[in-house]
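Some notes on the structure that comes next.
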Amino acid sequence: MAPIRLGVNVDHIATVRQARGTSYPDPVDAAVLAIEAGADSITMHLREDRRHIQDRDVREFVARARSPLNLEMAVTDEMIALACDVKPRFACLVPERRAELTTEGGLHVAKQPRRVAKACQQLHAAGIAVALFVDPEVKSLDAIVETRAPHVEIHTGRYCDMTDAEERARELKRIADFAKAAAAAGLEVHAGHGLTADNVGPIAAIPEIVELNIGHSLVARALFIGVGEAVREMPAAMSKAVRSRARPDPATATPPPTPDSCSATSGPGPLCL
Ligand code: PXP
């Protein structure tokens with residue numbers, strides 16, 4: 001297994017179910033298969049409009065599986081209350097617009113710093129480690145750090161959608177620069193959105209990125225080869241790139257945050273669990 005974690009997003013198993021209003025296919029069954037095949041965690045995005053994942057899916061996964069759930073959620077009172085009740089291990093705060101096809105950009109933390117910081121505090125108090133889903137803009141890092149969220153997830157959607165090689169290389173550099181700056185600021189760095197076995201390599205090769213969350217392409221692949229095989233293919237694609245990662249110079253590398261460097265509810269530093 002590659003030394004980078006794989007979170008599998010099962011939203012689109014639920015999309016097929018909701019298209020007909022049937023009881024199948026069950027995203028929780030798919031999640032269990034994904035874990036058995038080596039996924040490190042499962043992501044479910046409980047959207048406000050409940051277009052795919054339903055409340056029951058989230059509760060059932062937490063009740064049935066021992067593996068961590070990463071609950072993607074909007075920064076709303078309803079979602080915060082639900083998360084504090086269900087207590088997933090992780091939550092990822094995302095922007096949400098009802099008309100969008102998918103999450104079309106990162107959270108604008110600097111526009112709502114107090115709201116995001118308060119959500120992080122509430123979730124932390126419930127024992128949930130929070131990631132903020134953001135665009136790779138170094139200038140927004142100060143606002144992100146001020147929320148004291150321990151994790152950040154970089155939106156890789158633009159990189160994945162780009163077809164022009166030069167533009168793509170520029171976006172990849174933007175992601176790598178942001179990952180480096182975020183890790184130096186003490187954040188654990190994740191990435192996701194639009195990743196496939198074909199485009200994941202250069203992202204997995206960024207040394208500061210320790211977790212990738214992948215859904216749509218994996219579910220699409222599972223239609224042909226099954227959930228287990230689709231999950232097993234992904235670490236292979238990731239680890240090929242991870243082996244070629246430039247190793248950071250131990251003399252200058254920033255060590256990962258330790259429990260001691262993570263304060264509880266007061267003082268500076270991330271809200272680590
Ligand atoms: N990470 C976040 C925060 C997301 O919103 C999504 C999409 O739900 C993903 C990862 C997974 O993206 P995809 O389904 O394109 O792999």
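All ligand and atom numbering here is 1-based and tracks the order in the structure. Model, not experiment: these values are computed from the prediction.
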TODO: Please check if the side chain of Arg168 supplies one atom and the backbone of Met162 the other of a donor-acceptor pair under 3.5 Å.
DONE: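 Yes.
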
Open item on the list: Using modelled atom types and a 3.5 Å cut-off, is there a donor and acceptor pairing between side-chain atoms of Asp40 and backbone atoms of Leu6?
Closed with: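 At least one qualifying donor-acceptor pair exists.
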
Open item on the list: Just to be sure I'm reading this right: ignoring hydrogens, which of Met44, Glu153, His190, Arg47 gets closest to atom 10 (C) of ligand 1? Compare them by their nearest heavy atoms.
Closed with: Glu153

Open item on the list: Heavy atom to atom 9 (C) of ligand 1, shortest distance: which of Glu72, His155, Met73 holds it?
Closed with: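 The residue whose heavy atom sits nearest atom 9 (C) of ligand 1 is Glu72.
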
Open item on the list: Once ring pair (Phe, Tyr, Trp, His ring centres under 6.0 Å) is applied, do any residues pair with His216, and if so which ones, sequence neighbours excluded?
Closed with: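 With neighbours one apart ignored, the set is His12.
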
Task: Sub-4.0 Å heavy-atom approach of Ser217 to ligand 1 - done: no

What atoms in ligand 1 come closer than 4.0 Å to a heavy atom of [X]?
X	result
Asn213	10 (C), 11 (C)
Ile214	16 (O)
Phe133	2 (C), 3 (C)
Gly194	12 (O), 13 (P), 15 (O), 16 (O)

TODO: Please determine if Gly215 has a nitrogen or oxygen closer than 3.5 Å to a nitrogen or oxygen of ligand 1.
DONE: yes

Task: Distance-only N or O hit between ligand 1 and His216, under 3.5 Å - done: yes

Task: Selection residues 57-76 - residue pairs positive for ring-ring contact (aromatic ring centres under 6.0 Å, His included), sequence neighbours left out - done: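 Listed once each, the pairs would be none.
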
- [ ] Would you mind telling me if ligand 1 is within reach of the side chain of Val94, the backbone, both or neither, using heavy atoms under 4.0 Å?
- [x] side chain

Open item on the list: Between Arg17 and Asp57 (salt bridge meaning N to carboxylate O under 4.0 Å), is one present in this structure?
Closed with: yes

TODO: Output yes when Asp49 and Arg47 qualify as a salt bridge under the 4.0 Å nitrogen-oxygen rule, no when they do not.
DONE: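 Between Arg47 and Asp49 there is no salt bridge, as every charged N stays at least 4.0 Å from the carboxylate O atoms.
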
- [ ] For salt bridge (Lys or Arg N to Asp or Glu O under 4.0 Å), just list the numbers for Arg51 and Asp11, CA-CA rounded to whole Å, side-chain angles, deciding distance to a tenth of an Å, and then say yes or no.
- [x] CA-CA 9 Å; Arg51 69 175 68 164; Asp11 292 352; over 6 Å; no

